[in-house]
Amino acid sequence: MSTPDLVLYIGNCNYSSWSLRAWLALEQTELPFEEFQIWLDEDSDRTKRGEIGPTAKVPVLRDGDLLVWDSLAIGEYLAEIAPTAGLWPPERAARARARALCAEMHAGFQAIRNKLPMNVRARTPWRDRGAEVDADIRRIIDMWDSTRRVFGSGGPYLFGRRSLADAFYAPVVYRFRTYGVELEGEAAAWAETMLQHSALRRWEERAEAEGHAQPAYDREL
């Protein structure tokens, strides 16, 4: 059997939210790929990651001699090489909205990133989030609700059918569960759909079993 051309480098399943985004996108394409996992707790000086990509970060996608080292760029690249996978919605208005959601996640929500790090294994209600975190939470919930209402009639995902937008907000579902953020209505239904998806369940099983810890992240809980 020949070796797949696609290789995805990821970090710890428990902590690496950007790895999860790229992994979900690649999983959706159903293209064969190899995976290499770098334990972030064993690569604190980023030596291993520096040997893989120019930013010394994960995820990184390799396709033969081509290297793509950013989650959003990986998603766009996969949408080009696997156009039938549906990573972007087919309708122009929905596609524009999906791109805007992904770009906002890619560039924003610094308060949530700093105060609510992804920790799939943890269950720790957060009692003092602060105004900036609460503002990020309200914005995300509003996007989930409004997107489902306007574009979600064709299925249980943000745009009805599964898309890159679902992959980009999947780590936030874990964050909200970890820190006890309450959801209702469309947002709650979508979050539960994601948690029950077979790909996310496999990722969660790996996070539970991998055993590697990052004490700095865990202390923040």
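It should be emphasised that the depicted structure is a prediction, and the values quoted were computed from it without experimental measurement. Along the sequence shown, residues carry numbers from 1.
- Distance check: Ser16 OG to Lys57 NZ gives 11.0 Å after rounding to the nearest 0.5 Å.
- With hydrophobic clusters built from ILVMFWY side chains whose heavy atoms lie under 4.5 angstrom apart, Leu40 does not share a cluster with Ile10.
- Residues Arg177 and Val120 meet the side-chain proximity criterion, which asks for heavy atoms closer than 4.5 Å.
- Side chains of Trp190 and Thr147 form no contact here, defined as non-hydrogen atoms less than 4.5 Å apart.
- By the 4.5 Å heavy-atom criterion applied to side chains, His106 and Arg21 are not counted as neighbours.
- Between the side chain of Tyr9 and the backbone N or O of Ser19, no donor-acceptor pair lies under 3.5 Å.
- Donor-acceptor pairing under 3.5 Å is lacking for the side chains of Trp203 and Glu27.
- Among Phe151, Phe168, Tyr169, the single residue meeting the ring pair (Phe, Tyr, Trp, His ring centres under 6.0 Å) criterion with Phe159 is Phe151.
- Within a 6.0 Å radius of CD in Glu192, more than 12 heavy atoms belonging to other residues, nucleotides or ligands are found.
- To the nearest 0.5 angstrom, Leu164 atom CG is 7.0 Å from Leu72 atom CG.
- Remark: side-chain polar atoms of Arg148 are paired, donor with acceptor, to backbone N or O of Gly152 under 3.5 angstrom.
- In Trp69, the CH2 atom is not crowded: 12 or fewer heavy atoms of neighbouring residues, nucleotides or ligands sit closer than 6.0 Å.
- At least one donor-acceptor pair under 3.5 Å links the side chain of Thr178 to the backbone N or O of Ala122.
- Judged purely by distance below 3.5 Å, without hydrogens or angles, the side chains of Ser146 and Arg97 pair a donor atom with an acceptor atom.
- Contact between Leu200 and Met194 at its shortest, heavy atoms only, is CD1-O, 3.0 Å.
- Atom-to-atom distance recorded for Arg175:CZ and Leu116:CG is 7.5 Å, nearest 0.5 angstrom.
- Remark: the backbone N or O of Ala187 is paired with a side-chain donor or acceptor of Asp145 at under 3.5 angstrom.
- Taking the side chain as every heavy atom from C-beta outward, Trp23 and Arg206 approach each other to under 4.5 Å.
- Crowding of Gln196 atom CD: a count of heavy atoms from other residues, nucleotides or ligands under 6.0 Å exceeding 12.
- Side-chain contact between Val173 and Leu195 is present, with heavy atoms from C-beta onward closer than 4.5 Å.
- One N or O on the side chain of Asp43 and one on the backbone of Arg49 form a donor-acceptor pair closer than 3.5 Å.
- Side-chain contact check for Ile52 versus Phe36: every heavy-atom pair is 4.5 Å or farther apart.
- Once rounded to the nearest 0.5 Å, the distance linking CG of Asp134 with CZ of Arg139 reads 16.0 Å.
- Note that the CD atom of Gln37 and the SG atom of Cys13 stand 4.5 Å from one another [nearest 0.5 Å].
- Considering CD1 of Ile112 and CD1 of Ile140, their distance stands at 3.5 Å, rounded to 0.5 Å.
- Judged by distance alone, the side chain of Asn12 and the main-chain N or O of Tyr15 form no donor-acceptor pair under 3.5 Å.
- Arg129 is listed as a side-chain neighbour of Val181, based on a closest heavy-atom distance under 4.5 Å.
- Each of Trp39 and Val60 belongs to its own hydrophobic cluster when Ile, Leu, Val, Met, Phe, Trp and Tyr are linked at side-chain heavy-atom distances under 4.5 angstrom.
- A salt bridge links Glu91 to Arg161: one of the charged nitrogens lies within less than 4.0 Å of a carboxylate oxygen.
- Between Asn119 and Thr124 there is no side-chain heavy-atom pair separated by less than 4.5 Å.
- Side chain of Arg95 to main chain of Pro90: a donor-acceptor pair is present (N/O by atom type, distance under 3.5 Å, no hydrogens or angles).
- Leu66 is connected to Leu6 through a chain of hydrophobic side-chain contacts under 4.5 Å among Ile, Leu, Val, Met, Phe, Trp and Tyr, so both are in one cluster.
- Listed here is the closest heavy atom pair of Gly75 and Leu87: O-CD1, 3.9 Å.
- A distance-only check finds a donor-acceptor pair linking the side chain of Glu210 to the backbone of Asn14 [under 3.5 Å].
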